Amino acid sequence: MTQRSDIVEPVEATPAAIAEAAEHIRAGRLVAFPTETVYGLGADATDARAVAGIYAAKGRPSFNPLIVHVPGLAEAERIAEFTPLARELARRFWPGPLTLVLARRPEGGIADLVTAGLDTVAVRAPANPVANELLRAAQRPVAAPSANLSGRLSPTRATDVAADLGGKVAMILDGGPAAHGLESTVLAIDGEDVVLLRPGAVTAEAIEKVIAKPLARSLEGGDRPSSPGQLESHYAPGARVRLDARDVREGEALLAFGPEVPATQGPVVNLSSTGDLVEAAASLFSALRALDATGAAIIAVMPVPMQGLGEAINDRLRRAAAPRP
Ligand code: TXA
Ligand code: MG
C-alpha cells in the first residue's frame, strides 16, 4: 500500500536517505521530494496503483494529468516523442523548470492514470540535485504533482509537506527551501506549434527567444478546471457512456465495479472485483480504452461509491458521459 498511518518527519537528503527514498519509489510507495520549483509528491509512473495513491493522498476530487520527472533528455525520449523543436527547448532549459507536453510513446510504459488517458505526456527534468539523484537512483520515471493537499498552497519547504501529507507518504526528503517557489512552465508541442498551457518559472520571453516566434497561449489546460463542456484536452471514449447501470442492454459493453456483476453476453471489464477504489482508479483509463476498443456503441457503467477516490472516479465518468458535439 502507498498509504501509511504513521506520521513521517522530513529527513535530510543525504545520499543514504536518497537511496532509501528510491527504494520506496521502486516498491510502489509515495515519496515527497524537493525540486527547484515546489516539492513534489512522487510515485513510480509505470505503476498505476502507486499513481492512484498520489490522488488518494492529495484528496484530489478529479484526475488531472501529472508531470513525469526524469533525470534528463535520454530518459525523456523513451516515454515521449521529441520533435526537433522540443529537443532544442530541452537542451536549452533542462535540467530546469520547463515541462514539455508531447506525444506519448506507448512502449514507454507510463500508466494511463498518469496522463488521465491522454495520448500526450508531460515530462520534465528538474534541476534540483536531490531530485536528479533520486530520479537516477529510482531508475523509474516519477509522476509527481505538487506535494500539497488538494486546494492548499503548493509547498516550498519540507515542513509544508509534512503538515499536509506527513501521514500519507513513506518518506519526505528535505532539500531546503525551493529556489523558485513557483511551478514549472508547461508547454504543449505539436510539430512546429508551441502553446503555453501554464505560465511558470521559465518566462514566455525566454521561450520566444528559442522558438523565434510569439508564443501562443491556451485557455485550455493549465491549472484551470475544465468543465464537461471543455473536453478537448481530456480523453473521452468514442462510445457513449451510460452511468448508474444496474443491468446491461443489448449491444452494450460493461464497466463493472465490485463483486456483484449483472449478467451479460457482451464485453466486461471490472474496475475492481473486490470493490477497492485504489485499484479501480488505477485501472479506470485502461478499462475505458479496452471497452472502447471492442467497438461497442455504449459503455454501461455500474455505480461507484463517492467516498475516497470514488469522487475523482465519478468526476471522470461524468465527463465521459457528458453530451458532446
Ligand atoms: O513545478 C512543477 O511543475 C511541479 C513540480 C513538482 O515538478 N509539479 C506540478 O504538478 O506543478 P501539477 O500536477 O500540480 O501540475 C501539472 C500541470 C497541470 O497544469 C496539468 O494540467 C499539466 O501539467 N499537464 C500534465 N500533463 C498534461 C498533458 N498530457 N496535457 C496537458 N497538460 C498536462
Ligand atoms: Mg499543483
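Quick caveat, the model's predicted, so the values are computed rather than measured.
- At a threshold of 4.0 Å, the pair Arg242-Asp247 counts as salt-bridged, since one of the basic side-chain nitrogens sits closer than that to a carboxylate oxygen.
- A donor-acceptor contact shorter than 3.5 Å links the side chain of His69 to the backbone of Ile67.
- Atom NZ of Lys209 and atom CG of Leu215 lie 13.5 Å apart (nearest 0.5 Å).
- The side-chain heavy atoms of Leu254 and Pro262, taken from C-beta on, include a pair separated by under 4.5 Å.
- Rounding to the nearest 0.5 Å places CG of Asn314 at 8.0 Å from CG of Leu243.
- Taking 4.5 Å as the limit, every side-chain heavy atom of Leu182 sits out of range of all side-chain heavy atoms of Thr37.
- Side chains of Asp112 and Val114 form no contact here, defined as non-hydrogen atoms less than 4.5 Å apart.
- When all heavy atoms are compared, the tightest approach of Asn270 to Gly258 is ND2-O, 3.0 Å.
- Taken together through direct or relayed side-chain contacts under 4.5 Å among Ile, Leu, Val, Met, Phe, Trp and Tyr, Leu118 and Leu100 form part of one hydrophobic cluster.
- Clustering ILVMFWY residues whenever any of their side-chain heavy atoms sit less than 4.5 angstrom apart, transitively, puts Val31 in a cluster other than the one holding Leu41.
- Going from atom CZ of Arg87 over to atom CZ of Phe82 covers 7.5 Å, rounded to the nearest 0.5 Å.
- Between the side chains of Asn132 and Arg136, at least one donor-acceptor pair of N or O atoms lies under 3.5 Å.
- In this structure, CD in Glu23 is found 13.5 Å from CD1 in Ile18, a value given to the nearest 0.5 Å.
- Checked options Arg140, His24, Arg26, Gln139; the residue passing with Asp44 is Arg140 (criterion: side-chain hydrogen bond (donor to acceptor under 3.5 Å, both in side chains)).
- Under a cut-off of 6.0 angstrom, the local environment of CD in Glu250 is sparse, with at most 12 non-hydrogen atoms contributed by other residues, nucleotides or ligands.
- Side-chain atoms of Glu75 come within 3.5 Å of backbone atoms of Gly72 as a donor-acceptor pair (strictly under, hydrogens ignored).
- In this structure a side-chain-to-backbone donor-acceptor pair under 3.5 Å is missing from Glu81 to Ala103.
- Residues Val202 and Val38 fall into different hydrophobic clusters, defined by Ile, Leu, Val, Met, Phe, Trp and Tyr side chains chained together at heavy-atom separations under 4.5 Å.
- Put simply, the side chain of Phe63 does not reach to within 4.5 Å of the side chain of Asp315, judged on heavy atoms.
- The main-chain N or O of Asn148 is never found under 3.5 Å from a side-chain atom of Ser146 such that the two would form a donor-acceptor pair.
- Between the Thr294 side chain and the Ala290 main chain, no donor and acceptor come within less than 3.5 Å of each other.
- Remark: the backbone N or O of Leu149 is paired with a side-chain donor or acceptor of Asp164 at under 3.5 angstrom.
- For the pair Pro259/Thr274, no side-chain contact is recorded, criterion being any heavy-atom separation below 4.5 Å from C-beta on.
- Between Arg105 and Asp119 there is no salt bridge, since none of the side-chain N atoms of the basic residue sits less than 4.0 Å from a carboxylate O of the acidic one.
- Checked against Leu66 for a side chain to side chain contact (heavy atoms under 4.5 Å, CB included), the options Leu113, Ile54, Val121, Val142 give a single hit: Ile54.
- Of the N and O atoms on the side chains of Thr264 and Glu252, not one donor lies less than 3.5 Å from an acceptor on the other residue.
- The minimum heavy-atom distance linking Ser218 with Val195 is given by the pair CB-CG1, 3.4 Å.
- Separation of atoms CZ (Phe257) and CG (Leu317) is listed at 11.0 Å; rounding is to 0.5 Å.
- When all heavy atoms are compared, the tightest approach of Pro34 to Ala131 is O-CB, 3.3 Å.
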Could you please spell out the steps behind the side-chain contact (heavy atoms from CB on, under 4.5 Å) verdict for Ile207 and Ile211?
-> CA-CA 6 Å; Ile207 292 160; Ile211 64 175; 4.3 Å; yes

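- Salt bridge absent: Glu192 and Lys213 never bring a charged side-chain N and a carboxylate O closer than 4.0 Å.
- A salt bridge is defined here as a Lys NZ or Arg NE, NH1 or NH2 lying under 4.0 Å from an Asp or Glu carboxylate O, and Glu36 with Arg124 meets this definition.
- Scanning both residues, Ala280 and Ser272, for their nearest heavy atoms gives N-CB, 4.1 Å.
- Taking OH of Tyr55 as the reference point, atom CG of Leu277 lies at 15.5 Å (rounded to 0.5 Å).
- The residues Arg289 and Asp292 are annotated as not salt-bridged, no charged nitrogen and carboxylate oxygen being separated by less than 4.0 angstrom.
- In this structure, the side chains of Leu187 and Leu98 come closer than 4.5 Å at one or more pairs of heavy atoms.
- Using modelled atom types and a 3.5 Å distance limit, the side chains of Arg198 and Ser184 yield a donor-acceptor pair.
- A donor-acceptor pair under 3.5 Å is absent between the side-chain atoms of Asp244 and the main chain of Met302, judged by distance alone.
- Counting heavy atoms from C-beta on, the side chains of Ile79 and Val70 come closer than 4.5 Å.
- Residue Gly28 comes nearest to Ala50 through the heavy atom pair O-CB, 3.4 Å, listed as atom of the first residue, atom of the second, then distance.
- Hydrophobic clustering (side-chain heavy atoms under 4.5 Å, transitive across Ile, Leu, Val, Met, Phe, Trp, Tyr) groups Val194 together with Leu73.
- Using a 4.5 Å cut-off on side-chain heavy atoms (C-beta onward), Phe93 and Val210 make contact.
- Side-chain atoms of Asp190 never come within 3.5 Å of backbone atoms of Asp193 as a donor-acceptor pair (strictly under, hydrogens ignored).
- Residues Ile172 and Val11 do not share a hydrophobic cluster, defined by chaining ILVMFWY side chains whose heavy atoms lie under 4.5 Å apart.
- With hydrogens and angles disregarded, no donor-acceptor distance shorter than 3.5 Å links the side chain of Lys168 to the backbone of Lys58.
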*asked:* Under the criterion side-chain contact (heavy atoms from CB on, under 4.5 Å), I'd like the reasoning laid out for Ile298 against Val241: C-alpha separation, chi angles, the key distance, then a yes or no.
replied: CA-CA 6 Å; Ile298 298 174; Val241 172; over 6 Å; no

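- Residues Phe33 and Tyr39 keep their aromatic ring centres 6.0 Å or farther apart.
- Nearest heavy-atom pair, Val269 versus Ala287, reported as atom, atom and distance to 0.1 Å: CG1-CB, 3.6 Å.
- Counting only N and O atoms by type, the side chains of Arg104 and Thr115 include a donor and acceptor under 3.5 Å apart.
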